[in-house]
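Step one of this worksheet: look at the structure below.
Every chain is numbered from 1 and lettered A, B, ... according to where its sequence line falls, protein lines coming before strand lines. For the numbers below, each heavy atom of this structure counts, side chains included, while hydrogens, waters and symmetry mates do not.
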Amino acid sequence: MELFLLAGFPALMAAVVFLLRQDRLRKIILFLTSLVHLFVTISFWQGPRDVQFNPFLGFDAASQLVLTLVSILFFVVSIYLIGYLKEKRRRSNGIFMGCLLCLLSTMTLVTMSRHMGLLWIAIASTTLLSAPLINYYRKPRGIEATWKYLLISSLGIALGLLGTLFLAISAAPVKTIFLADILDNAALLSPSWLKLSVIFLLVGYGTKMGLAPMHTWKPDAYGEAPAPVGALMSGAVTACAFLAVCRVAQICFHAGLQRFVSPIFILLGILSMGIAAIFIMGQKDFNRMLGYSSVEHMGILALGIGLGGGAVWASLFHAVNNAFAKGLIFLVSGNLYQGFRSKKVENIQGVIHRFPVTGIFLILGFIVLIGFPPFGIFYSELLILKEAVTAQRYLAAFFYVLFLSVIFFGYSGVILRMALGRPTEDTPVTAKKENFFMIAPLVILLGVLFFSGVFVPGPFYDLLDEASALLGGR
Amino acid sequence: MGIRILLHIMVVVILSPLLLGITGKTKAFLVGRWGPPLLQPYYDIGKLFRKGNVYSTTTTWIFQAAPVVSMAAVLVSAIFVPFGSLKAPLPFFGDIILFAYLYGLARFFMIIAALDTGSSFEGMGASREAAFSCLAEVVLFLDFIILALLSKSLVLSEMVEGNILSSWQLFGPAILLAGVSYFLVLLAENARIPVDDPATHLELTMVHEVMVLDHSGWDLAYILYGSAIKLFVLGALFVNILVPFHGLPPVMQTIVFWAGMIVLAVGLGIVESCMARLRLNQVPQLLIGAFVFALVGLLVVLIKGV
Amino acid sequence: MSLFLSSLFILCLGAFLLVLLTRSRAMSGLIFLGTLIPGCLLGAAAALGVLIHRAPIDHRLNLRMPAGEFYLGVDPLSAFFLLTITILFLSAGVYGYGYLKSDKERNLSVHYALYHAALISLMLVVTAKNAVLFLVAWELMALSSYFLIMFHDEKKAVREAGYLYLIVTHTGTFCLWVMFLLMARQSGSMDFDQMALASFPLPLAGALFILGIIGFGVKAGFIPLHIWLPHAHPAAPSHISAVLSGVMIKMGVYGLMRTILIIKDFPEWCAVTLLLIGMISGVGGVLYALGQHEIKKLLAYHSVENIGIITLGLGTGLWGQICHNEFAALIGYAGAFLHVFNHAVFKGLLFLSAGSLIRSTRTGEIDRLGGLLKRLPWTGHLFLIGALAICGLPLFNGFVSEWLVYRALFEGMFHFELNGIALSSLAVISLALIGGLAAACFAKAFGAIFLGNSRSIDITHVTENSVLMCVPMAVLGGICVWIGLFPAVMVSFALGAAATMTSSPISSATEGVIIAPLLTAVLVLSILIGTIAILTLLKRTAMKFLPVEKAQTWGCGYAMPTSRMQYTAASFAQPLLQIFRNVLDYRVKGNRPKEYFPEEGEVSSRVTDAAEDFFFRPAFGFIKSLSAKLKVIQCGYTQWYLLYILIFLLMLLVWKMV
Amino acid sequence: MWLDLALILIVCLGVVILGSSRLGTMIQLFAAQSLVLSATPLLVHPGKHAVVMTMGTLILKVFLMPNLLSWAIRHVSIRREVQPLVGYGKTLMLGGFLMGVAFWISFRLELPVRETSNLLVPCAFSVVMVGFLLLVSRFKAITQVIGYLVMENGIFLFALLLLEKTPLLVEMGILLDIFVGVLIMGIVVNHINQEFGSASTVNLTNLRD
């Protein structure tokens with residue numbers, strides 16, 4: 001029954017939404033499905049960690065972690081959408097809502113899939129479903145972003161498919177590529193095919209996750225996508241991609257390829273942070289900067305997995321915090337766009353004094369993104385550095401710290417210049433007051449961030465410990 | 001101990017203008033004049049005590065407090081310096097720092113009093129005074145370092161008494177260099193000829209004189225008296241440093257000390273009559289020269305093994 | 001410990017209430033004072049308790065932080081700093097309340113809440129016994145002080161200053177991250193107590209020392225890393241810059257001391273570096289201050305100078321520790337501790353009086369002020385007390401701590417071997433030079449602002465500020481005089497703290513040997529005050545019988561002297577800056593009047609900050625231009641993007657498979 | 001032996017697509033290549049499973065997708081491909097070089113290939129490389145879609161290696177996904193055409209830093 005509620009129900013609702021006429025009804029359905037989804041996910045927390053519905057679908061600690069993260073974020077975005085889509089639009093948002101609901105079900109599928117082939121299908125469908133979401137405004141730049149997003153991610157998916165095929169070939173003696181079977185008799189896998197498949201999988205799912213050389217679609221896609229879509233993609237979809245990459249790492253750990261794969265992860269991590277550092281510095285467009293910030297945080301995740309040990313725990317912790325932080329900052333950028341009707345940094349000024357609540361949340365978002373203490377990202381960045389220092393990878397630690405400080409230059413240069421000061425006369429400020437639906441999600445996200453960073457509840461700790469044990473960390 | 005302090009201060013108060021008198025007499029004698037009587041400074045100060053005061057409207061209480069504070073600071077600094085057989089009444093470990101900073105206090109108040117009058121001439125004098133005194137203070141401290149290294153103690157009287165005949169064989173050059181650089185500091189601190197001309201009235205060239213341009217009556221008297229005491233105290237310290245009389249019996253010490261003071265006064269007169277005032281941007285070079293002398297002295301002490 | 005925890009609780013409560021109550025102004029002011037005063041007093045009581053009994057107390061809260069744990073402890077070292085923090089925050093807070101009361105259009109309760117947050121984070125930094133908690137409090141302190149600085153955020157200069165401050169402190173903090181993690185790796189745990197038990201090989205201690213110097217030096221303001229100080233202080237409101245330079249830069253000193261306490265044995269070159277940094281920061285700070293003609297920038301550079309003096313004390317203490325000369329180490333650290341407290345008090349006093357000066361005359365430019373002592377008696381006299389104290393002149397607290405530092409340096413001279421003596425004498429010379437230059441600089445500042453006539457602004461309607469602003473200043477002035485005349489109490493506290501640094505209990509004999517000379521010095525000072533009293537009495541009685549008139553200042557016969565003919569701060573500093581011109585980048589520009597009847601001419605002189613203009617600005621520009629050049633990667637052509645992926649794939653294949 | 005012939009034929013057709021400039025011919029060439037491709041499962045090891053695979057590929061890649069693409073061409077009314085990134089001659093040379101790299105890699109990796117021919121892995125790699133080159137070097141959106149499909153054919157060749165292992169459901173899922181992918185690409189090409197008046201991606205470059 002829960003399986004249907006989690007995966008099937010949203011898809012069904014998507015079909016219903018396609019048929020409906022009025023926009024308001026669609027929004028309510030969206031809100032209700034996300035609420036149901038959230039309740040079911042929470043209900044799984046009490047139950048045992050490893051649940052097996054059928055050979056293809058099941059839960060383990062890591063997937064439950066990502067599923068909770070996805071459903072909380074989706075629920076918050078659904079509330080935000082009620083306020084966001086208020087003003088009238090010529091074209092009905094049927095396709096938009098339908099794709100969103102399908103996206104929810106495919107993301108649930110990704111977390112639940114125990115078969116590598118099924119995992120690939122779910123990832124591929126999340127990509128295809130998010131393409132129309134980016135193109136909501138039908139503006140030339142939006143179309144260009146969608147085209148680039150489609151092309152690059154479909155190349156990534158193709159490479160992922162090749163990787164899965166190579167994995168299947170290497171798992172020939174095992175006869176199936178169920179995750180459980182591969183992990184149990186990992187020794188039987190033929191090493192050379194496995195290495196080839198790991199490389200192709202890493203590049204494929206790395207493109208989906210937005211790691212360095214394959215990140216080029218991210219700034220365009222997040223720059224042009226509407227804010228809630230940006231929040232969902234940067235928070236939830238990348239988390240699912242990260243889960244897929246974790247599965248690959250899990251396989252490598254079980255097959256004893258630790259020494260083979262960790263240099264690749266570290267290279268990807270440092271490269272992503274380097275690229276992000278270059279592009280955040282002096283960025284002109286706020287949403288593009290958030291795209292690069294997502295590249296940076298994915299780099300930190302990859303670096304954490306690469307370093308192993310305590311850093312795996314830290315990168316999972318970071319994934320959770322990053323998802324909520326990205327959600328928060330993207331929704332804030334949505335409010336900014338509603339208020340200032342522009343994404344350019346120079347004509348958004350003095351947000352604190354023009355829209356006090358959004359201004360405060362903008363600064364809080366900055367504090368969370370930068371990794372200031374009360375929130376979780378500070379601890380995860382510190383732990384990753386601790387692991388780098390104890391594992392005596394001084395070069396990686398040096399670059400890690402260097403890029404973190406350059407990125408800090410970039411962020412504070414952009415966000416603080418926007419938040420403080422006074423709105424200049426020519427800033428095109430619409431006389432709109434901030435409406436409730438666009439503030440409530442920010443408050444919820446901040447609350448969740450506060451609990452995931454400062455007073456970390458007990459069960460959340462155990463989930464993290466089990467998930468990191470799964471992936472070969474301490 | 002209170003009586004010895006009073007005795008010490010009485011000696012300083014009574015005898016210090018005499019030093020100025022002797023210098024004035026030697027300067028006049030060298031140019032063939034009889035010059036003013038020996039007690040001329042006493043007459044000047046006495047005259048000023050009987051005169052009324054004129055206060056500028058722009059000045060505040062600081063203008064009147066500065067002469068008093070500078071006189072008192074200089075008087076109190078006399079307690080640390082032994083005069084021949086008269087031992088310093090109140091020595092304590094680290095009194096050279098209080099000694100130097102008391103002069104700093106006096107100088108600080110004189111400078112802000114000069115700025116208080118709000119005239120450009122006093123300001124000129126104040127800024128020059130501030131500039132030169134910074135360098136002079138550094139040289140003074142370097143001399144104290146040499147003495148401290150020689151005597152291994154921070155009490156001024158012990159530092160000076162350690163300088164007996166035997167120490168001259170080993171550290172003769174160091175003490176000589178310290179003495180010479182100290183003499184140059186003496187000239188700079190008391191506005192004697194090479195640094196500043198006490199007798200001139202051309203404002204643009206003066207340093208000390210122009211700072212006291214606006215003072216009158218009792219304030220001017222205190223300032224004159226204070227500068228006389230300052231010359232006396234620093235001179236006494238100079239004599240203590242240079243003349244190794246501390247090993248002799250007390251009676252001989254007093255005789256040699258006072259003879260030294262007179263020789264110092266005469267020496268000052270000679271220096272002033274055969275040298276002209278230096279240009280203002282050359283005075284720092286003079287003080288840097290004194291600093292180098294002291295530095296060489298320090299190196300000698302270090303090499304000789306402290 | 002309960003005292004300290006209750007004060008923390010009250011402050012947190014106050015901050016929380018203030019955040020909620022952003023609407024009503026009267027209430028927020030009341031809550032602010034209502035929680036600040038008890039909080040600070042309780043904190044001070046806790047600190048005094050530890051200082052008097054010299055027994056450390058600590059407390060472990062079972063709050064599960066991801067990496068470290070919530071472990072607080074107050075030992076005499078942190079108690080001394082805690083005392084400084086509480087006293088200064090209390091007086092600056094009361095002053096701030098008075099200062100901001102008349103500011104109608106700004107939302108004050110947020111500012112008050114941030115003030116509380118800064119205070120709490122500072123108290124946590126000082127009492128944290130766990131590296132992670134220390135870093136958390138350190139970053140909270142940087143963040144809350146950033147937003148405090150940004151009070152007047154409508155001005156562009158303020159935003160630039162805040163931006164520079166945040167960047168420089170945050171980059172410094174990364175060095176601290178690496179340092180603490182290396183120490184944790186060596187000792188196996190994040191707690192300072194376990195770290196203190198571990199033994200650190202000399203090369204590692206050297207590396208940690210360098211990281212510590214950079215990380216804490218950025219906060220403390222050692223010369224090359226001080227660039228944010230002269231920008232942040234003029235930007236912040238004066239009660240914030242008082243707290244910033246009085247206490248917050250001392251956290252750098254505290255951090256350095258805590259690291260020295262943990263690592264204990266260092267290679268000798270560390271003490272040499274500390275002394276050299278002290279000298280350079282001291283002399284450089286005061287020389288740059290001489291060249292500044294804006295009151296708050298001048299005071300900011302003086303903070304750098306006083307940090308230099310503190311580092312001299314620290315350097316001698318460390319040297320004594322390395323050469324196992326307990327006595328020199330003890331006095332060195334005691335001098336450094338006492339100067340930390342003294343500097344906090346008189347620098348706070350100076351900034352507060354500068355603030356009330358700026359509040360009344362609307363400008364901080366020294367060259368446009370003058371003759372304000374008559375209009376602002378309270379501010380003027382308290383500024384004078386602060387100026388005398390900062391120059392280390394005898395009757396005030398600056399002298400006591402400089403005397404201790406001198407004593408430590410001379411102690412070093414007597415007992416260390418050759419290069420020890422050479423360096424200590426160099427340090428004594430530089431300290432003497434600092435003393436002289438500071439006296440000149442503050443004579444310039446006090447004389448130009450408060451004495452003579454007003455140079456360009458009309459001061460007839462300038463009035464003294466409210467009592468709420470003058471009382472805290474008076475309290476700080478009182479503390480300066482009290483320590484100057486009765487130093488025994490504070491010196492014993494400093495010695496107690498220094499004992500924890502040398503981790504050997506000091507016998508009452510050694511304490512006597514140190515304090516006895518100070519008591520005689522106080523006796524001499526009382527004789528000085530007696531003589532002053534007698535001389536003024538003499539003069540007063542004589543003046544009754546002698547004529548006294550009022551007249552125009554004697555301008556050597558010049559008939560119409562105007563107030564603009566007075567010596568300004570720039571002209572006052574010109575001879576000194578001329579002497580040190582090759583050390584400083586001292587530029588004089590402007591067209592001097594040429595013909596016989598010149599219509600107009602103007603001269604302006606400027607001292608540019610070498611560290612900033614020749615290293616940090618170009619470095620920052622280089623990073624920006626590099627990132628602009630590298631932006632070509634995102635060139636817009638999808639084909640190139642796909643090629644990136646293919647090339648990366650082939651590279652991985654070749655690297656990993658072949 | 002028949003298998004090697006088919007593999008070589010697929011690779012040659014790929015190269016011909018790379019060289020051709022008219023969209024119509026490219027679609028027909030792609031259909032031919034997919035036809036040969038659908039024959040290969042039967043050649044490797046005939047069986048019920050292989051028949052289903054062949055039918056799937058036939059329906060999807062030989063009939064459905066080419067018609068969709070030609071509909072898109074007619075709708076978007078573009079006939080001739082504009083000059084590719086580096087000119088036809090050089091693209092072909094580059095194609096040859098990439099095939100060389102593919103063969104070198106598969107030779108170096110000495111992957112254990114059991115009963116099927118040792119030509120399979122290199123050919124699959126080279127078809128993927130050719131598809132990729134087509135994707136990268138052309139400006140017309142439709143041509144890029146065709147390049148993507150040729151790459152899918154290459155991946156399908158790899159799937160032959162484990163024909164009877166992967167369950168049918170997964171196989172069908174993969175084909176379905178590719179089809180949906182192409183469908184959405186077609187829709188987006190349609191939008192591009194409405195917005196920019198031509199389906200060339202030359203003016204799709206103003207999103208840059």
Side-chain angles (χ1 to χ4, degrees), chain B residues 5 49 51-58 60 62 68-69 71-73 75-76 79 90 92-95 97-98 101-102 104-105 107-108 111-112 115-121 123-124 126-128 130-131 133-134 137-138 141-142 145 148-149 152 154 203 213-214 217-218 222 284 298 302 306, chain C residues 371 373-374 391-394 399 403 406-407 410 413-414 418 421-422 425 428-429 432-433 435-437 439-440 443 446-448 451-453 517 520-521 523-524 527-528 531-532 535-536 539 542-543 546-556 561 563 565-567 571-572 574-576 579:
Chain B
I5 295 173
F49 277 136
K51 278 206 178 302
N53 281 51
V54 176
Y55 289 116
S56 152
T57 46
T58 57
T60 58
I62 288 171
V68 171
V69 167
M71 168 103 174
L75 255 179
V76 164
I79 296 175
L90 207 62
F92 63 92
F93 194 84
D95 53 11
I97 300 156
L98 185 57
Y101 271 74
L102 275 175
L105 182 70
R107 191 180 310 119
F108 184 86
I111 290 173
I112 51 175
L115 289 173
D116 193 10
T117 52
S119 96
S120 52
F121 299 109
M124 205 185 291
S127 91
R128 287 178 194 148
S133 63
C134 286
E137 203 171 322
V138 169
F141 262 91
L142 196 49
I145 290 171
L149 283 176
K152 278 275 178 294
L154 267 177
E203 305 79 17
L213 208 54
D214 213 54
W218 270 71
Y222 278 154
L298 177 65
L302 286 181
V306 92
Chain C
L373 196 58
K374 297 189 258 308
C391 302
L393 295 176
F399 174 74
W403 184 85
Y406 268 116
R407 174 103 188 258
F410 274 106
M413 236 184 279
F414 295 150
L418 195 60
I421 297 170
S425 11
V428 165
I429 296 162
L433 184 61
L437 291 171
F446 181 73
L451 305 175
N453 304 327
T520 5
L523 189 62
V524 170
I527 295 170
L528 174 71
T531 348
I532 292 174
L535 291 177
T536 17
K539 195 174 107 170
M543 300 301 284
L546 296 168
V548 175
E549 294 114 24
K550 287 277 176 216
Q552 189 70 13
T553 314
W554 170 250
C556 298
S563 71
M565 285 165 63
Q566 285 176 111
Y567 244 53
S571 46
F572 185 91
Q574 192 268 341
L576 261 172
I579 295 170

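Of the residues considered (L523(C), I429(C), V428(C)), I429(C) shows the highest number of contacts with chain B, using heavy-atom pairs under 4.5 Å. Between chain B and the options A440(C), G447(C), P547(C), G436(C), the largest number of non-hydrogen pairs under 4.5 Å is found for P547(C). The most heavy-atom pairs under 4.5 Å with chain B, out of G371(C), A439(C), G435(C), come from A439(C). Highest contact tally toward chain C, considering only S120(B), P284(B), A126(B), is held by S120(B) [criterion: heavy-atom pairs under 4.5 Å]. Chain C forms more heavy-atom pairs under 4.5 Å with one residue of S133(B), A73(B), A148(B), G217(B) than with any other, namely A148(B). Of the listed residues (G452(C), A551(C), A432(C)), the greatest number of heavy-atom pairs within a distance under 4.5 Å of chain B belongs to A551(C). Contact count versus chain B (heavy atoms, under 4.5 Å) is highest, among G392(C), A422(C), S571(C), for G392(C).
Heavy atoms of I579(C) lying under 4.5 Å from chain B belong exclusively to its side chain. In this structure, chain C has a heavy atom under 4.5 Å from the side chain of F141(B), while its backbone stays farther away. If you measure heavy-atom distances from I111(B) to chain C, the contacts under 4.5 Å come from the side chain alone. Only the side chain of L418(C) has a heavy atom closer than 4.5 Å to any heavy atom of chain B. Both the backbone and the side chain of L105(B) come within contact range of chain C, each with at least one heavy atom under 4.5 Å from a heavy atom of that chain. Contact of F446(C) with chain B is made through the side chain alone, with heavy-atom distances under 4.5 Å. Heavy atoms closer than 4.5 Å to chain C are found in the side chain of F108(B), but not in its backbone. Contacts between I532(C) and chain B at a heavy-atom distance below 4.5 Å involve backbone atoms as well as side-chain atoms. In this structure, chain C has heavy atoms under 4.5 Å from both the backbone and the side chain of I97(B).
One finds the CE atom of M565(C) at 8.5 Å from the OG atom of S119(B) (value rounded to the nearest 0.5 Å). The CH2 atom of W218(B) sits 5.0 Å away from atom CZ of F49(B), with the distance rounded to the nearest 0.5 Å. Taking NZ from K539(C) and CE from M71(B), the interatomic distance works out to 12.5 Å, rounded to the nearest 0.5 Å.
There is a side-chain donor-acceptor pair under 3.5 Å between D116(B) and T60(B).
The one candidate from I79(B), D95(B), V76(B) that meets the side-chain contact (heavy atoms from CB on, under 4.5 Å) condition with L102(B) is V76(B).
Looking at E137(B), its side chain never comes within 3.5 Å of a backbone N or O of G104(B) through a donor-acceptor pair.
Closest of all the heavy-atom pairs between A131(B) and L576(C) is CA-CG, 3.7 Å. For M543(C) against V548(C), the heavy-atom pair with the smallest separation is CE-CG2, 3.5 Å.
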ask   = Does the pair T520(C) and V524(C) meet the rule for a side-chain contact (heavy atoms from CB on, under 4.5 Å), with working shown?
value = CA-CA 6 Å; T520(C) 5; V524(C) 170; 5.6 Å; no
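Between P517(C) and R407(C) the shortest side-chain heavy-atom distance falls below 4.5 Å.
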